[in-house]
J.: 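The structure follows.
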Amino acid sequence: QVQLVESGGGLVQAGGSLRLSCAVSGRTFDNYTMGWFRQAPGKEREFVAAIRWSGGTTLCADFVKGRFSISRDVAKNTVYLQMNNLKPEDTAVYYCTTAPILSASGSQRLYKYWGQGTQVTVSS
């Protein structure tokens, strides 16, 4: 049973930083891709970033390039989303997800397992 548990969300002022963590368990993830998506109130869930568990190839949405970065610690079975220079429009619930995808992908329909999400609120 694959499990994903997000943490690290909270309230931060514009310009600040947060690091989200996603602890994964339940199997080995060598052939898996890990992803972060977010959903703001009244909006659809959107892709943020993804990383291949093996090799570490990454893909980021255009709107977060230069501000957010995704990484993973294989020894700790944890995926991170480092978010810098946060803006009020980054306010959303952030979800960690994974699936046996052979390349880092931003396609939501490809992801199979999802965490419960962690709230990020950026005040102006």
J.: Before accepting this row, confirm whether a basic side-chain N of the pair Lys65/Asp62 lies closer than 4.0 Å to the acidic partner's carboxylate O.
T.: yes

J.: List the steps, then state whether side chain to side chain contact (heavy atoms under 4.5 Å, CB included) holds for Phe63 with Glu46.
T.: CA-CA 11 Å; Phe63 61 82; Glu46 65 178 352; 3.7 Å; yes

J.: Closest approach of Thr57 and Ala104, non-hydrogen atoms and distance?
T.: O-CB, 4.0 Å

J.: In the structure I gave you, are the side-chain heavy atoms of Val79 and Ile70 within less than 4.5 Å of one another anywhere?
T.: yes

J.: Applying ring pair (Phe, Tyr, Trp, His ring centres under 6.0 Å), can you list everything that pairs with Phe29, at least two apart in sequence or on another chain?
T.: Tyr32, Trp53

J.: If you round to the nearest 0.5 Å, how far is OG1 of Thr98 from CD1 of Ile51?
T.: 11.5 Å

J.: Members other than Tyr95 in its cluster, when Ile, Leu, Val, Met, Phe, Trp, Tyr link by side-chain heavy atoms under 4.5 Å?
T.: Phe37, Phe47, Leu59, Val93, Ile101, Leu110, Tyr111, Trp114

J.: Kindly compute the distance separating OG (Ser105) from CZ (Arg52), expressed to the nearest 0.5 Å.
T.: 11.0 Å

J.: Using a 3.5 Å distance criterion without hydrogens, assess whether the side chain of Glu6 forms a donor-acceptor pair with backbone atoms of Cys22.
T.: no

J.: Check for me, please, whether Leu86 and Val64 land in the same ILVMFWY cluster - side-chain distances under 4.5 Å, paths through other members count.
T.: yes

J.: For a quick test of reading the model, state the closest non-hydrogen atom pair linking Lys112 to Ala99 and the distance between them.
T.: N-CB, 3.5 Å

J.: Do side-chain atoms of Thr91 reach the backbone of Val122 as a donor and acceptor pair under 3.5 angstrom?
T.: yes

J.: With heavy-atom distances below 4.5 Å as the criterion, would you say the side chains of Asp90 and Phe68 are in contact?
T.: yes

J.: Taking the side chain as every heavy atom from C-beta outward, state whether Lys87 and Arg67 have any atom pair closer than 4.5 Å.
T.: yes

J.: Evaluate the side-chain proximity of Met83 to Leu20: yes if any heavy-atom separation is below 4.5 Å, no if none is.
T.: yes

J.: Within a reach of under 6.0 Å around CD of Gln3, are more than 12 heavy atoms found that belong to other residues, nucleotides or ligands?
T.: no

J.: Identify whether Val2 and Val24 are in the same connected component of the hydrophobic contact network (ILVMFWY, side-chain heavy atoms under 4.5 Å).
T.: yes

J.: Supply the atom-to-atom distance Gln82 CD to Ser21 OG, rounded to the nearest 0.5 angstrom.
T.: 9.5 Å

J.: Please report the interatomic distance CZ(Arg38) to CZ(Arg45), rounded to the nearest 0.5 Å.
T.: 13.0 Å

J.: Give the minimum heavy-atom separation between Val12 and Gly16, together with the two atoms involved.
T.: CG2-CA, 3.9 Å

J.: Between Trp36 and Tyr80, is there a shared hydrophobic cluster once you connect ILVMFWY residues whose side-chain heavy atoms come closer than 4.5 Å?
T.: no

J.: I want to check something: taking the side chain as every heavy atom from C-beta on, are Val48 and Leu81 in contact at a cut-off of under 4.5 Å?
T.: yes

J.: Determine, using the 4.5 Å side-chain heavy-atom cutoff (strictly less than), whether Val74 and Tyr113 are members of one ILVMFWY cluster.
T.: yes

J.: Can you see which heavy atom on Ala92 is nearest to which on Gln119, and at what distance?
T.: O-NE2, 3.5 Å

J.: Determine whether Met34 and Arg72 make a side-chain contact, defined as any pair of heavy atoms from C-beta on separated by less than 4.5 Å.
T.: no

